Undergrad: 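Structure in structure tokens, see below.
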There are 2 protein chains.
Amino acid sequence: MDTFNQSSDFEEGSATHRVYRALRSMIVRGVLKPGEKLKIEGLSKRLGTGASPVREALSLLTSDSLVERIDQRGFRTAGISATNFAEILKLRCVLEDLALRESIANATQDWEERVVLAHHRMQRAQNRKTEDFEDLHKAFHMSLLSNAQSPILLQICSRLYDLNIRYRYLAGHDISYQQRDVAKEHADILAAVLALDADTASTRLLEHYKTTGAFLSGLLGDGALA
Amino acid sequence: MDTFNQSSDFEEGSATHRVYRALRSMIVRGVLKPGEKLKIEGLSKRLGTGASPVREALSLLTSDSLVERIDQRGFRTAGISATNFAEILKLRCVLEDLALRESIANATQDWEERVVLAHHRMQRAQNRKTEDFEDLHKAFHMSLLSNAQSPILLQICSRLYDLNIRYRYLAGHDISYQQRDVAKEHADILAAVLALDADTASTRLLEHYKTTGAFLSGLLGDGALA
DNA sequence: GGTGGGTCAAATCTCGATAAAAATACCGGG
DNA sequence: CCCGGTATTTTTATCGAGATTTGACCCACC
């Protein structure tokens, strides 16, 4: 009954859910490379579970556009391309702009506190260079949007975030991108949001994305990620 | 052994894919009512297949927001509400506007012909009141957007279409909505699109949605659908 | 030497059964 | 008469094996 899952303490939830989280993390972080064939049996053994949960998790990831399915021919991780990346970036700019403005329009004290808290946690993780920075980074960005009373929109943004960050992982973490003062950019965004200045906040947020995007786009164009 | 490739033939594809299409159709068309519990065994027998394909199909539908999953407690069809409907309508207006403009901007002869063809088929089905009108209606609307070089955006629009049309089915087909001259609205949209007049086309398309939306919204508000 | 068909291994997909969990019915006590 | 805890029943989630399909290899044949 006491099964020790050596991978980590991912014991909560059903097997399907655990596998889902594990696989998504592996794909987003580039452990499973773009276009790689995903054999059920291999993943089952690797994750210490049966074939059914793996299959179900892969189905879910298919809807997230992180896995592609070919009928009767199994699963593989989604491919990458410069055009795909450009599309993600563009959609993010449109949709996060929309969500951010609505979030600010609905501003409440509770929401502002959530944003401040999320920012603080991310900041601390960045200073200490802890492992969970990326998760907290996503949490911060989603918290900005979270006050838009629009669950579908938020879900779409969340998925686009994952698709986007995958490219950043693939580009590696030690790249010059970090030399930019990302912390200041975040702080500036936070300030504008707390001032309820939607135009400034949106401009800064989108600039934040576009700068990173242009950088990654360059790498893709050079074929450095292919 | 040659297989007959007929669109009406529900035998093509894997069992999972068949079940997926069947269930989605049943949910969108209201055969399975909002919030209804979806028991695996019942659906297996009803669809003449095993539990695994049903389970997998339900997982996929979860990502389409047509089914809700509660861990360890099975699946049920997504609920409905006035706010949910309003959100769908709003997002559709934003995203289809975006897609339509890009589609028109990329106009090609091939695309224009696809649009004309899709419109003709829908028109004919409406005149003859054939069963497949709704499918062709969706095909027409998607064809308008299909020239936007943005597969992710198109997928989102397709999903939102399904979520939206579900409300229309739930309201019933014999309602006064059909008394509007929908055919003319479609023809006007088509004309503006073929004239490559993005502003007019977008205005008409959104008006088309909002009119239907306001009508359905009224029904929801009255609790007629609850 | 290149092409086409047939065979074989590998992987997917599906099924039925088992174990775990939740919902329901039951019963004794307050 | 109502409430809380236990037993039963229903339903879900998971597993392991069998059936089908795919893709590759090899050999015969043109």
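Predicted model only: the values in this text are computed from it and were never measured. Heavy atoms only: backbone and side chains are in, while hydrogens, waters and symmetry mates are out. Here is how names work: the chains are called A, B, and so on, in the same order as the sequence lines, proteins then strands, and each is numbered from 1.
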Undergrad: So, is A/S14 close to the D/dT12 phosphate, meaning a side-chain N or O under 4.0 Å from OP1 or OP2?
TA: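 No, A/S14 has no side-chain N/O under 4.0 Å of OP1/OP2 on D/dT12.
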Undergrad: Less than 6.0 Å separating the ring centroids of A/H208 and A/H141?
TA: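 Centroid distance A/H208-A/H141: below 6.0 Å, so yes.
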Undergrad: For the pair made of CZ in B/R76 and C1' in D/dT12, what is the distance, rounded to whole Å?
TA: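 Spelled out: CZ on B/R76 to C1' on D/dT12 is 13 Å.
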Undergrad: Pick base, sugar-phosphate or nothing for A/L38, based on heavy-atom distances below 4.0 Å to the nucleic acid.
TA: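 Answer is sugar-phosphate: A/L38 comes under 4.0 Å of backbone atoms only.
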Undergrad: Let's see if you can work this out: which of C/dA11, D/dT14, D/dT21 has an atom nearest to the side-chain heavy atoms of A/Q72?
TA: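 The answer is D/dT21, which lies nearest to the side chain.
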Undergrad: Starting from P on D/dA13, measure out to CG on A/L60 and report it in whole angstrom.
TA: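 Computing the A/L60:CG to D/dA13:P distance gives 12 Å.
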Undergrad: Among D/dT14, D/dT21, C/dA22, which nucleotide sits nearest the side chain of B/R73?
TA: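 Among D/dT14, D/dT21, C/dA22, the one nearest the side chain of B/R73 is C/dA22.
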Undergrad: Considering just the side-chain nitrogens and oxygens of A/T49, establish if one lies under 4.0 Å of OP1 or OP2 belonging to D/dC15.
TA: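 Indeed, a polar side-chain atom of A/T49 lies that close.
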Undergrad: Taking OP1 and OP2 of D/dA13, is either one under 4.0 Å from a side-chain nitrogen or oxygen of A/T16?
TA: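 For A/T16, the contact criterion (side-chain N or O under 4.0 Å from OP1 or OP2 of D/dA13) is not met.
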Undergrad: Which whole-number value in Å describes the distance from B/R55 CZ to C/dG16 C1'?
TA: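 One finds 15 Å between C1' of C/dG16 and CZ of B/R55, rounded.
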Undergrad: Between A/A15 and B/K39, who's closer to the 5' end of DNA chain D by nearest nucleotide?
TA: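 By nearest-heavy-atom nucleotide position, the 5'-most residue is B/K39.
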Undergrad: Between B/F140 and B/H120, is the ring centre distance below 6.0 Å?
TA: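 No; B/H120 has its ring centre 6.0 Å or more from that of B/F140.
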Undergrad: Among C/dT14, C/dC13, C/dT12, which nucleotide has an atom closest to any side-chain atom of A/K37?
TA: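 Among the listed nucleotides, the one closest to the side chain of A/K37 is C/dT12.
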Undergrad: When you check the phosphate oxygens OP1 and OP2 of C/dC15, does a side-chain N or O of B/K45 lie under 4.0 Å from one of them?
TA: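 Looking at the OP1 and OP2 atoms of C/dC15, neither is under 4.0 Å from any side-chain N or O of B/K45.
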Undergrad: Rounded off to whole Å, could you give me the CD-to-P distance for the B/E56 and C/dT12 pair?
TA: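 Answer to the nearest Å: 12 Å.
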Undergrad: How close or far is atom P of D/dT11 from atom CZ of B/F75, stated in whole angstroms?
TA: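 Distance check: B/F75 CZ to D/dT11 P gives 15 Å.
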Undergrad: Starting at CD1 of B/I40 and ending at P of C/dA22, how long is that distance when rounded to a whole Å?
TA: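 B/I40 atom CD1 is separated from C/dA22 atom P by 16 Å.
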Undergrad: Indicate yes or no: does A/E41 engage A/K45 in a salt bridge with an N to O separation below 4.0 Å.
TA: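 Yes.
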Undergrad: Calculate the interatomic distance between B/D71 atom CG and D/dT12 atom P; express it in whole Å.
TA: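 Those two atoms, CG and P, are 13 Å apart.
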Undergrad: Among side-chain atoms of B/S81 and B/T83, is any donor-acceptor pair under 3.5 angstrom?
TA: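 Checked: B/S81/B/T83 side chains pair up, N/O donor to acceptor below 3.5 Å.
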Undergrad: To the nearest Å, how far apart are B/E41 CD and C/dG16 P?
TA: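 B/E41 atom CD is separated from C/dG16 atom P by 11 Å.
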Undergrad: Between B/L60 and A/S63, what is the shortest heavy-atom contact and its length?
TA: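 Of all heavy-atom pairs spanning B/L60 and A/S63, the closest is CD2-OG, 3.7 Å.
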